[in-house]
Number of protein chains: 2
Amino acid sequence: VVVRPVSGGPKFPQIEVADARGDLRHSYEDMQAVLRVPWVMFAARSLAVFGQFVPAAWQVSRRPFGTQYLEQCAQELRQLAVLPGDDPVIRAGFDDPDLDGIRAALRALNYGNAKYLLLITAWCEAIQGRPCGGTGPTSDLEKTLPTGPPPGMPELHLVDPRTAPPRVGELLHRVTDMHLHHGPSSDFRVLANWPSFLEVALDDVLTPVVRTAPYEATAHTLLTRARKQVHGLPAPAGLGPDAALTVCTEAEVAAVTGLLFLFQRFILDATIDMVRCAQALDGTAAATSPFSTL
Amino acid sequence: VVVRPVSGGPKFPQIEVADARGDLRHSYEDMQAVLRVPWVMFAARSLAVFGQFVPAAWQVSRRPFGTQYLEQCAQELRQLAVLPGDDPVIRAGFDDPDLDGIRAALRALNYGNAKYLLLITAWCEAIQGRPCGGTGPTSDLEKTLPTGPPPGMPELHLVDPRTAPPRVGELLHRVTDMHLHHGPSSDFRVLANWPSFLEVALDDVLTPVVRTAPYEATAHTLLTRARKQVHGLPAPAGLGPDAALTVCTEAEVAAVTGLLFLFQRFILDATIDMVRCAQALDGTAAATSPFSTL
């Protein structure tokens with residue numbers, strides 16, 4: 001008999017930033033600096049369980065992922081993440097004493113999600129045997145951005161579903177199940193700092209659209225475009241099956257292949273959702289251009 | 001640098017039927033007998049690498065999966081797997097000395113794919129913390145079908161991509177890449193016994209539709225329906241995270257979660273593709289009713 005625990009069940013295996021050491025810690029920090037984002041994606045924290053995959057895959061990815069080309073690709077994906085139809089509307093009268101904090105968190109998430117979508121797509125393509133990167137103009141590698149977050153980037157705090165109050169745990173369950181995910185994404189663990197907003201976002205902004213036909217079509221468009229973009233990276237990124245076998249066992253490579261596939265869809269969903277939440281607060285332009293770095 | 005091997009690269013980790021022993025061997029044989037199919041899905045062979053997941057997950061699934069209810073669900077999925085629009089047409093003049101062998105293989109695959117789609121969907125839902133089964137009428141458990149294949153079920157031979165002739169290896173690469181998969185499904189390894197048919201099927205039947213918007217919409221419809229069906233199984237099926245932790249390590253549970261997600265999409269694609277191939281040969285009715293077991 002399958003028993004549903006009250007609050008999230010066993011924690012999905014991962015190595016948290018605070019617990020990472022050595023090469024992995026360095027990769028986590030370098031990943032945030034080069035991508036200019038204030039968190040390490042759930043995907044990387046989970047993949048970190050499997051051998052040296054994350055340090056090795058990040059090492060070959062860091063150069064093309066620090067370029068102006070990458071920044072432009074991410075900006076294009078944010079625009080493609082807007083669902084067709086009118087802007088969503090949050091119920092009249094909704095307010096939160098920390099609305100500025102919510103706005104800042106959404107800007108950070110929208111800035112980072114598109115970049116992580118590109119990173120996971122590159123890693124996913126490579127592990128499935130489709131080399132990506134190195135066919136675009138190598139001159140793009142010269143156009144490297146400074147590392148570290150753009151001015152005004154907030155810190156993010158991820159709520160732990162296992163220790164959250166029951167109401168927050170229920171909201172995070174709802175998020176997980178409506179998307180057919182295995183757990184709440186980093187994005188929703190951030191929004192869980194503001195449960196009233198999270199509830200309104202679920203009721204008014206996301207439940208009406210998640211997993212509808214237009215949502216699926218938008219996810220498909222994003223995936224198709226992200227694949228094309230990573231194939232145009234100015235240098236190769238990710239590890240193919242043979243390269244992965246130099247840092248992982250065969251079983252670990254299988255695990256990594258499955259998790260990359262799962263998290264690719266996971267990040268696609270988070271990308272669409274966070275753009276839509278920001279759109280509900282401040283309109284499409286604000287949602288799709290979180291920081292003026294181009 | 002990611003190097004593309006000529007023919008399939010390192011084999012994706014799995015335990016083949018011929019190499020399985022003990023509990024796993026028994027599960028493989030019982031799975032084929034209860035589902036009445038002539039092969040073990042790639043997903044199960046890969047998942048078998050991770051602890052005792054496959055024997056334990058099959059043990060709780062075998063009763064609801066041997067019922068008339070399951071057979072009816074599978075039949076409905078085959079009909080939902082038909083893409084909108086006209087039947088596909090194979091180029092004029094195509095013939096193969098073993099056209100009857102191809103037809104028989106497609107019937108077997110179409111019979112089994114819909115059942116494996118239900119099995120992987122049940123396992124996927126359960127591992128993601130959404131219990132499935134046990135809410136439908138338990139009287140359905142009494143309506144258990146005889147085990148073993150329906151009369152006329154052929155044996156299937158899966159071609160090994162690593163030892164196949166280069167032409168066949170290239171066709172299997174093409175199949176893998178057009179679907180964004182990590183390797184060829186059992187279905188295409190079966191069709192690889194008839195390379196001329198496989199090539200024509202790719203050119204005329206599949207390339208025009210795979211990953212188009214209607215294809216994605218059909219996959220979404222199938223997934224939505226399969227989820228609903230497994231939630232109505234007459235008894236629980238699959239292992240939740242806590243149950244899985246009694247037979248797997250934490251890392252193995254993460255691996256299983258990722259691979260179930262990957263293979264769910266994989267089987268969705270195979271289900272649509274094989275129905276369409278049979279449709280091209282013999283029309284929709286033949287494609288969607290491979291054996292008269294209802």
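Per chain, numbering begins at 1; letters A, B, ... match sequence-line order. Only this structure's heavy atoms are used, side chains among them; waters, hydrogens and symmetry mates stay out.
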| message | Just checking B/Arg63: does its CZ atom have more than 12 heavy atoms from other residues, nucleotides or ligands closer to it than 6.0 angstrom? | response | no

| query | Looking at OG1 of B/Thr224 and CG of A/Leu180, how far apart are the two atoms once the value is rounded to the nearest 0.5 Å? | reply | 7.5 Å

| Part of B/Thr221 lying under 4.5 Å from any heavy atom of chain A | neither

| note | Separation between CZ (B/Arg211) and CG (A/Leu223), nearest 0.5 Å, reads 6.0 Å

| query | What are the two closest non-hydrogen atoms of A/Leu259 and B/Ala254, and how far apart are they? | reply | CD2-O, 3.5 Å

| said: Please classify the contact between A/Ser46 and chain B as side chain, backbone, both or neither, with a heavy-atom cut-off of under 4.5 Å. | reply: neither

| note | Distance col, row A/Gln14:CD vs B/Glu250:CD, nearest 0.5 angstrom, shows 10.0 Å

| Which distance, rounded to the nearest 0.5 Å, do you find between the NE2 of A/His220 and the OG1 of B/Thr212? | 7.0 Å

| message | Around atom CD of B/Glu216, are there more than 12 heavy atoms from other residues, nucleotides or ligands closer than 6.0 Å? | response | yes

| remark: Most contact-rich option vs chain A, by heavy-atom pairs under 4.5 angstrom, among B/Glu125, B/Glu252, B/Gln264, B/Arg227, is B/Arg227

| query | Checking A/Ala251 against chain B: side chain, backbone, both or neither under 4.5 Å from a heavy atom? | reply | both

| Checking A/Phe263 against chain B: side chain, backbone, both or neither under 4.5 Å from a heavy atom? | neither

| Between B/Val253, B/Val49, B/Thr257, B/Thr176, which has the largest tally of heavy atom pairs under 4.5 Å with chain A? | B/Thr257

| What is the minimum heavy-atom distance between B/His181 and A/Arg130, and which atoms define it? | O-NH1, 3.0 Å

| remark: When rounded to the nearest 0.5 Å, the distance separating CG of A/Leu260 from CG of B/Leu262 is 9.5 Å

